[in-house]
Amino acid sequence: MRISAQAEDFDISAEIELLKENRTDLGAIATFTGLVRDIHGDKQIKKMTLEHFPGMAEQELGKIGFEASARWPLEDLTIIHRYGELLPGDNIVLVITTSHHREAAFEAAQFIMDYLKTNAPFWKKEETTEGDHWVAAKTDDDDKKDRWK
Amino acid sequence: MRISAQAEDFDISAEIELLKENRTDLGAIATFTGLVRDIHGDKQIKKMTLEHFPGMAEQELGKIGFEASARWPLEDLTIIHRYGELLPGDNIVLVITTSHHREAAFEAAQFIMDYLKTNAPFWKKEETTEGDHWVAAKTDDDDKKDRWK
Amino acid sequence: MNLVYFALIRENIGKSSQSIDLPEGVTTTGELIDHLSTLGDNYNAAFAQSDLIRIAVNQEYVGLDHPVTDRDEVAIFPPMTGG
Amino acid sequence: MNLVYFALIRENIGKSSQSIDLPEGVTTTGELIDHLSTLGDNYNAAFAQSDLIRIAVNQEYVGLDHPVTDRDEVAIFPPMTGG
């Protein structure tokens, strides 16, 4: 399991290669990438700043990864979450799950994303054409997490 | 929509870049990669040969892509399926779905994989330590497809 | 009529494509399979298990009751195993 | 006690961390929030909406009835919006 909270960008192919290194038993690799969108509601996004709680962020991402590994037959997984200043089109988060079976890989990646939205200590601030604001948490995201209970 | 049946390998990062080109509105990118496993049941795989029906293969992949686009609010998608001789660890198939929303991206990628298994004219032959054989279709895969009805 | 075969069916028959003249009375895909099965043991073996036969006429999947004419391309192959 | 703040709560209070001496009678996270709210308008504003407060004691999420001592690190922040 590779967990990282980092300012730097990530490369998906390179991250997959890390998981595949020295093994030829993986049949299924699912990935999810979350990116900064240029529009949020009716506002144009100029910049996004991601604040995080160093130490606890990695710890919580790790907990989510372990929980996913306990629920699905995963071979390995990667969770990378960026922090700092990002522009529209920039990568925010990457989840990679590998398994012998595609359902496990897909479902675990969805689970990780749903949990990460509400449980990982990251906060988004948007700089828009109409001023700056902290993104409000969506109750919707709690619902999505709750479906895994 | 990018559809390809090809002998050459693909690079996931490069394929994602093609979809992102000149746009910063994508919030979610899901990918699935299917690979040749070194074990199938109790047999060790030495090589896999993928046969395909040229022309019809691309046409069926395109139909599946269009169907996914009709069912989910996708921004764009890519389906690449390789043919020819592959070794354990090699990529077989890549599906990329992009959307403003992660559920749409995840579900559409799963849908495409489920349909592709039963509807795209590709056939796998395995060369194992105990001889060669054509892989039998799984009724299981029909069930997985049927859940989307 | 142009016939194309794939995978195990291609191997059993021993060729990947062939041209035949459609005999009188053969008007559907099912009748075509029955006719081909009389052409030799290799064909008979290829089409022995009807639940393992899939057919495409002019690159569209069809059933065993689909009409066929001399101008069609008919592809015969086992269930697909891609992905 | 070490306090750390993030995001809007950090901005409202005007600092990202501080050390305080835990007053007599403050033994839970809820009592701590009540105490901090008396320290000035900036604290009061930061903690005005109790449903928008999340707390971690020594990097573990806890509720408002969790015990606190002078040796704890208490982090206070709004609901998370990562991903």
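To find a chain, count down the sequence lines: A is the first, B the second, and so on, and within it residues start at 1.
- Your options are A/Met113, A/Glu60, A/Arg82, and the one with the most heavy-atom pairs under 4.5 Å with chain D is A/Glu60.
- If you measure heavy-atom distances from A/His133 to chain D, you find no contacts under 4.5 Å at all.
- At a 4.5 Å heavy-atom cutoff, the contact between D/Glu60 and chain A is made by backbone and side-chain atoms alike.
- For CZ of A/Arg147, the number of neighbouring non-hydrogen atoms (other residues, nucleotides, ligands) closer than 6.0 Å is greater than 12.
- In this structure, chain D has heavy atoms under 4.5 Å from both the backbone and the side chain of A/Lys117.
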- [ ] Under the side chain to side chain contact (heavy atoms under 4.5 Å, CB included) rule, what do D/Tyr61 and A/Met56 come out as? Steps first, then yes or no, please.
- [x] CA-CA 10 Å; D/Tyr61 297 120; A/Met56 187 170 175; 3.3 Å; yes
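- Heavy atoms closer than 4.5 Å to chain D are found in the side chain of A/Lys63, but not in its backbone.
- Applying side chain to side chain contact (heavy atoms under 4.5 Å, CB included) to D/Met80 and the options A/Phe53, A/Phe122, A/Trp123 leaves one that passes, A/Trp123.
- The local environment of CG in A/Asp146 is crowded, with over 12 non-hydrogen atoms from other residues, nucleotides or ligands closer than 6.0 Å.
- Not a single donor-acceptor pair under 3.5 Å links the side chain of A/His81 to the backbone N or O of D/Gly82.
- Rounding to the nearest 0.5 Å places NZ of A/Lys125 at 12.0 Å from OG1 of D/Thr81.
- In this structure, A/Trp134 CH2 and D/Ile9 CD1 are separated by 11.0 Å, a value rounded to the nearest 0.5 Å.
- Residue contact with chain A, scored on non-hydrogen atoms closer than 4.5 Å, involves the side chain of D/Arg10 exclusively.
- Of the atoms belonging to A/Ala136, it is backbone heavy atoms, and not side-chain ones, that fall under 4.5 Å from chain D.
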